[in-house]
2 protein chains.
Amino acid sequence: MLESTNRKSDLECISDDLTSLLQSISTTKTIDARTFLFQEGEEAHELYVIQHGLIQISKLTQEGNELNLRTCQEGDIVGELTLFTDEAKYMLNAYALKKCKILIIQKDQLEKELLSNSRLTFEFMKWMTNLLRINQSKIKDLVMNGKKGALYSTLIRFSNSYGIQQKDGRLIDMHLTNQEIAKFCAATRESINRMLNDLKKKGIIQITKESKILIKDIHYLRTEIGCDHCPIDICVID
Amino acid sequence: MLESTNRKSDLECISDDLTSLLQSISTTKTIDARTFLFQEGEEAHELYVIQHGLIQISKLTQEGNELNLRTCQEGDIVGELTLFTDEAKYMLNAYALKKCKILIIQKDQLEKELLSNSRLTFEFMKWMTNLLRINQSKIKDLVMNGKKGALYSTLIRFSNSYGIQQKDGRLIDMHLTNQEIAKFCAATRESINRMLNDLKKKGIIQITKESKILIKDIHYLRTEIGCDHCPIDICVID
DNA sequence: TCAGAATGGTGATGTTTATCACAGTTCACA
DNA sequence: TGTGAACTGTGATAAACATCACCATTCTGA
């Protein structure tokens, strides 16, 4: 490991002021692995900051299919889509992949605090704008170059969010099954498997002993989907 | 025409205070049909409110393909993705479909004004939150049910944004060519044409004399893509 | 340590969607 | 009012992707 991950959590992206505010007005709780922090349709009066653990944000379809949208870890803010909204229901599911320690922040309290401090507001709006930009670029990536584009985009985003630079490439420091990747791409496990094997044969990626993905030629992935010069803070998982 | 469109523009969604603020700090300009208000990569120091006209927001790919993201008319805010962001370049293209009258607002001036007035901040964050939710649901719709899902979602969104209720259905009061719809769905003109004709044969839609789309059975479209009970302010074009 | 579960891998086959090619129709405007 | 441009419609064919079926491999917990 030559260099630690360059991923910035939500809390790292926003200022220390906001961070300490969030921590000062919050309580904590612990949730077990393989349980939901919240589910679609539930009333949303709180939002959360992950102190420790791993949470998957997803959306379910009627047929039981699942689309993964984010994978969140320490420092990330979860549940943000309900802020300042009358419609107080979650649209998404938050599922704990590991045991988590969570800060709980009351939505109306945060709203109150934000409105009384314009510097915090500025930080928060900046963060929201960034989420908007990320989502815009995701729409393009998932839709414009078929499933291959969706996969390449997902790999690039994971690399930017959770990658560790190594001498022979960039390691996605996270255990990802074919099935999980498929859920980010809205593709089937089998298609993802075939495409990953193609990338292996071409030498673009490599699977490590701990079955993590090592990206040896990220430039190939980028040029294939035409995100050659897109800003690195946009091409991320959350 | 039994009932006027229920579409709310951005300005209608946000408060009168913000509306008048936006108008007070803006200058105006006029741009011709078939010209760009701004293009990807350009420096972004301003954002815009449409006073009159029609603007298409899109994203181009390297191969010259185009993905339509929004169609904006009177009252809509354009260029919002650059707010509160260091990255001062537009990610999208704004193309005038009709001659437009536009309010120009300096980005830093708006940021300053917003931060000095917490009620306006509240409104603005609420509006941004809503945009985020719309984008989330668009990702799902475009990706989860194939091109048919993308088409049905696009029709529903246009119906909600630009529809006029009539005795025999809901009329999308806008001239949409197959090619334009295709750009919203990231599909080909031919595929859209075939799918629309299938819907015609099934009696789900009907084309009026002015070649506008009349949706006779929106319930069918909704159930097919599983957005039967999604809030109407989320299933919109912008 | 061993049985069952989860995951990875791959062929065969069918469906969806794009591509190409071209003819018919409508529209804009000189 | 006629003519080129834009749009619609449709068949034939190819590529992308899903589905199904099945076996190999790895992981996991009693």
Which nucleotide in [options] has an atom nearest any side-chain atom of [X]:
| X | options | value |
| --- | --- | --- |
| A:T177 | C:dG8, C:dG11, C:dT17 | C:dG8 |
| A:S191 | D:dC17, C:dG9, D:dG9 | D:dC17 |
| A:K200 | D:dC20, D:dT8, C:dG9 | C:dG9 |
| A:R189 | C:dG9, D:dC27, C:dT17 | C:dG9 |
| A:E190 | D:dT8, C:dA18, C:dT10 | C:dT10 |

Self-check item: Salt bridge flag under 4.0 Å for residues A:D217 and A:K202
Solution: no
Lys/Arg N to Asp/Glu carboxylate O, B:D168 vs B:K216, below 4.0 Å
no
CD1 of B:I55 to CD of B:Q73, rounded to nearest 0.5 Å, is 11.5 Å
Interatomic distance, CD1@B:I139 vs CG@A:N135, rounded to 0.5 Å, equals 4.5 Å
- request: Could you tell me whether the side chains of B:N145 and B:D141 share a donor-acceptor contact shorter than 3.5 Å?
  value: no
message = Given the structure, check if the side chain of A:R194 and the base of C:dG9 hold any donor-acceptor pair shorter than 3.5 Å.
response = no
Using whole Å, what does the distance between atom [atom2] of nucleotide [N] and atom [atom1] of [X] come to?
| X | N | atom1 | atom2 | result |
| --- | --- | --- | --- | --- |
| A:E180 | C:dT7 | CD | C1' | 11 Å |
| A:L196 | C:dT7 | CG | P | 15 Å |
| B:I192 | D:dC7 | CD1 | C1' | 15 Å |
| B:L176 | D:dT8 | CG | C1' | 15 Å |
| A:I205 | C:dG8 | CD1 | C1' | 13 Å |
| B:N65 | C:dA18 | CG | C1' | 11 Å |
| B:Q179 | C:dT26 | CD | C1' | 17 Å |
| B:I207 | C:dT25 | CD1 | P | 17 Å |

Check: [X] side chain, [Y] main-chain N or O, donor-acceptor pair, under 3.5 Å:
| X | Y | value |
| --- | --- | --- |
| A:S159 | A:G163 | no |
| A:K99 | A:T30 | no |
| A:S58 | A:E66 | no |

May I ask you to evaluate whether [X] reaches the phosphate of [N], defined as a side-chain N or O under 4.0 Å from OP1 or OP2?
| X | N | value |
| --- | --- | --- |
| A:N193 | C:dG8 | no |
| A:N178 | C:dT7 | no |
| B:N197 | D:dT8 | no |

In numerical order, the residues of residues 143-157 of chain A whose heavy atoms come under 4.0 Å of DNA chain C are none
Just call it for B:A186: base, sugar-phosphate, or nothing, with non-hydrogen atoms closer than 4.0 Å on any strand. sugar-phosphate
